[in-house]
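As structure tokens, the structure follows; a few thoughts come after it.
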Amino acid sequence: MQIETPPTEKRYEKAEGERRGIVIVNTGDGKGKSTAAFGLALRAHGRGKAVKIFQFMKVPTARFGEHRAFEQLEAFRTAPGRPKPDDGPLGGQGATRSEQPWGPIIEGLGDGFSWKSKDLDHSAQLAREGWEKARAAILSGDYFLVVLDEITYPLIYGWLPLEGVLQTLRERPKEVHVCLTGRRCPPEIIELADTVTEMQMVKHAFKAGIPAQRGIED
């Protein structure tokens with residue numbers, strides 16, 4: 001390991017542009033795409049902002065760690081002495097927590113991994129129906145952040161029309177942030193996005209024979 005000298009001068013200037021909703025993409029073969037999106041949603045939720053997560057490849061009854069965490073936070077939100085919403089830039093869209101359209105924060109839209117599907121045509125139809133829900137949420141302006149988790153798979157399988165997704169991202173209200181996750185993100189979305197991160201797999205425990213574990217993978 002090479003030792004570095006800590007910087008003593010700021011290496012960047014403060015951005016002077018207008019604050020607005022941005023499009024974020026987490027892609028690549030490495031672990032952490034959805035995990036990063038959930039962390040982003042947690043940050044926004046903690047600031048009192050309305051968040052919605054659509055999981056395109058998870059079943060509606062999924063009960064992974066992220067589902068349980070947000071359920072616990074929602075229970076805390078309604079408890080006495082809960083934190084007040086953030087009144088900062090683009091915070092909460094001007095609504096109080098009780099007025100915001102929270103509902104279930106995470107919604108599964110699919111029927112699981114494609115190799116487990118008993119009817120891929122049905123899986124494709126679920127993706128199309130799910131996209132209509134996600135599209136409506138984005139265009140409504142009700143949410144500060146909408147996460148489209150694993151949306152790249154129905155796109156690259158041809159289940160969803162790419163142009164429809166691009167059009168929705170272009171036409172969304174200016175204050176709405178959208179985060180898309182999944183491998184092999186179409187280049188057209190990457191071109192449109194404001195922030196793109198490619199997770200690169202250097203090592204993965206699964207390749208060493210260590211199975212998926214609760215609290216790490218789910």
Side-chain angles (χ1 to χ4, degrees), residues 15 17-28 32-58 60 62 66-67 70 73 85-86 88-95 100-110 126-157 159-199:
E18 178 186 16
R19 284 192 172 95
R20 60 171 177 80
I22 61 175
V23 174
I24 302 168
V25 171
N26 298 337
T27 192
K33 298 176 286 295
S34 296
T35 305
F38 299 146
L40 182 66
L42 178 65
R43 174 178 286 168
H45 183 79
R47 287 290 190 177
K49 303 178 193 297
V51 174
K52 185 70 176 183
I53 302 172
F54 293 99
Q55 294 186 302
F56 279 85
M57 303 301 289
K58 300 295 190 295
E66 58 267 24
H67 302 85
F70 278 111
L73 288 170
D86 187 353
L90 303 183
Q93 281 79 276
Q100 290 173 341
W102 294 90
I105 290 180
I106 307 181
E107 184 172 352
L109 303 173
L126 288 176
R128 287 188 288 269
E129 293 172 359
W131 166 244
E132 290 304 316
K133 292 182 181 181
R135 178 178 180 276
I138 293 169
L139 296 179
S140 71
D142 289 338
Y143 297 95
F144 174 83
L145 171 66
V146 178
V147 175
L148 306 177
D149 186 40
E150 297 182 324
I151 191 175
T152 62
Y153 304 112
L155 282 170
I156 61 180
Y157 298 158
W159 295 350
L160 298 180
L162 176 59
E163 185 51 43
V165 176
L166 292 169
Q167 182 178 357
T168 299
L169 295 175
R170 294 189 192 104
E171 295 179 356
R172 75 192 193 283
K174 65 178 293 186
E175 71 276 7
V176 175
H177 303 264
V178 181
C179 180
L180 305 89
T181 78
R183 301 184 184 208
R184 304 187 297 284
C185 184
E188 294 88 348
I189 292 179
I190 290 177
E191 177 65 25
L192 182 148
D194 299 285
T195 300
V196 178
T197 300
E198 183 174 9
M199 276 66 168

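Positions are given from 1, in the same order as the sequence printed here.
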Could you check whether any side-chain heavy atom of [X] comes within less than 4.5 Å of a side-chain heavy atom of [Y], counting everything from C-beta outward?
| X | Y | result |
| --- | --- | --- |
| Leu42 | Leu73 | yes |
| Thr152 | Lys33 | no |
| Leu160 | Arg128 | yes |
| Leu145 | Lys49 | no |

[atom1] of [X] to [atom2] of [Y]: how many Å apart, nearest 0.5 Å?
| X | Y | atom1 | atom2 | result |
| --- | --- | --- | --- | --- |
| Leu126 | Met57 | CG | CE | 10.5 Å |
| Leu169 | Ile22 | CG | CD1 | 12.5 Å |
| Phe144 | Glu175 | CZ | CD | 10.0 Å |

Go through the steps for Thr181 and Asp149 under the test side-chain hydrogen bond (donor to acceptor under 3.5 Å, both in side chains), then give the verdict. CA-CA 5 Å; Thr181 78; Asp149 186 40; 2.6 Å; yes
Residues which pass salt bridge (Lys or Arg N to Asp or Glu O under 4.0 Å) with Arg43, listed by chain and number, not counting sequence neighbours: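 Salt bridge (Lys or Arg N to Asp or Glu O under 4.0 Å) list for Arg43, sorted by chain: empty.
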Just do the side-chain contact (heavy atoms from CB on, under 4.5 Å) check on Tyr143 and Val176 with the steps written out, would you? CA-CA 7 Å; Tyr143 297 95; Val176 175; 5.7 Å; no
Taking everything shown except Arg172 itself, do over 12 heavy atoms lie less than 6.0 Å from its CZ? yes
So does Glu191 have more than 12 non-hydrogen atoms from other groups sitting under 6.0 Å from CD? no
For Trp131 and Ile151, what are the C-alpha separation, side-chain angles and deciding distance, and is it a side-chain contact (heavy atoms from CB on, under 4.5 Å)? CA-CA 9 Å; Trp131 166 244; Ile151 191 175; 4.1 Å; yes
Yes or no on side-chain contact (heavy atoms from CB on, under 4.5 Å) for Leu162 and Ile189, after CA distance, side-chain angles and deciding distance? CA-CA 9 Å; Leu162 176 59; Ile189 292 179; 3.8 Å; yes
Between Arg170 and Glu163 (salt bridge meaning N to carboxylate O under 4.0 Å), is one present in this structure? yes
Hey, mind stepping through Thr168 and Val178 against side-chain contact (heavy atoms from CB on, under 4.5 Å) and telling me if it holds? CA-CA 10 Å; Thr168 299; Val178 181; over 6 Å; no
With Glu107 as partner, the option from Lys133, His67, Lys58 fulfilling side chain to side chain donor-acceptor pair (under 3.5 Å) is Lys133
With under 30° as parallel and over 60° as perpendicular, where do the rings of Phe70 and His45 fit, or are they tilted in between?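 If you compare the ring of Phe70 with that of His45, the planes turn out perpendicular.
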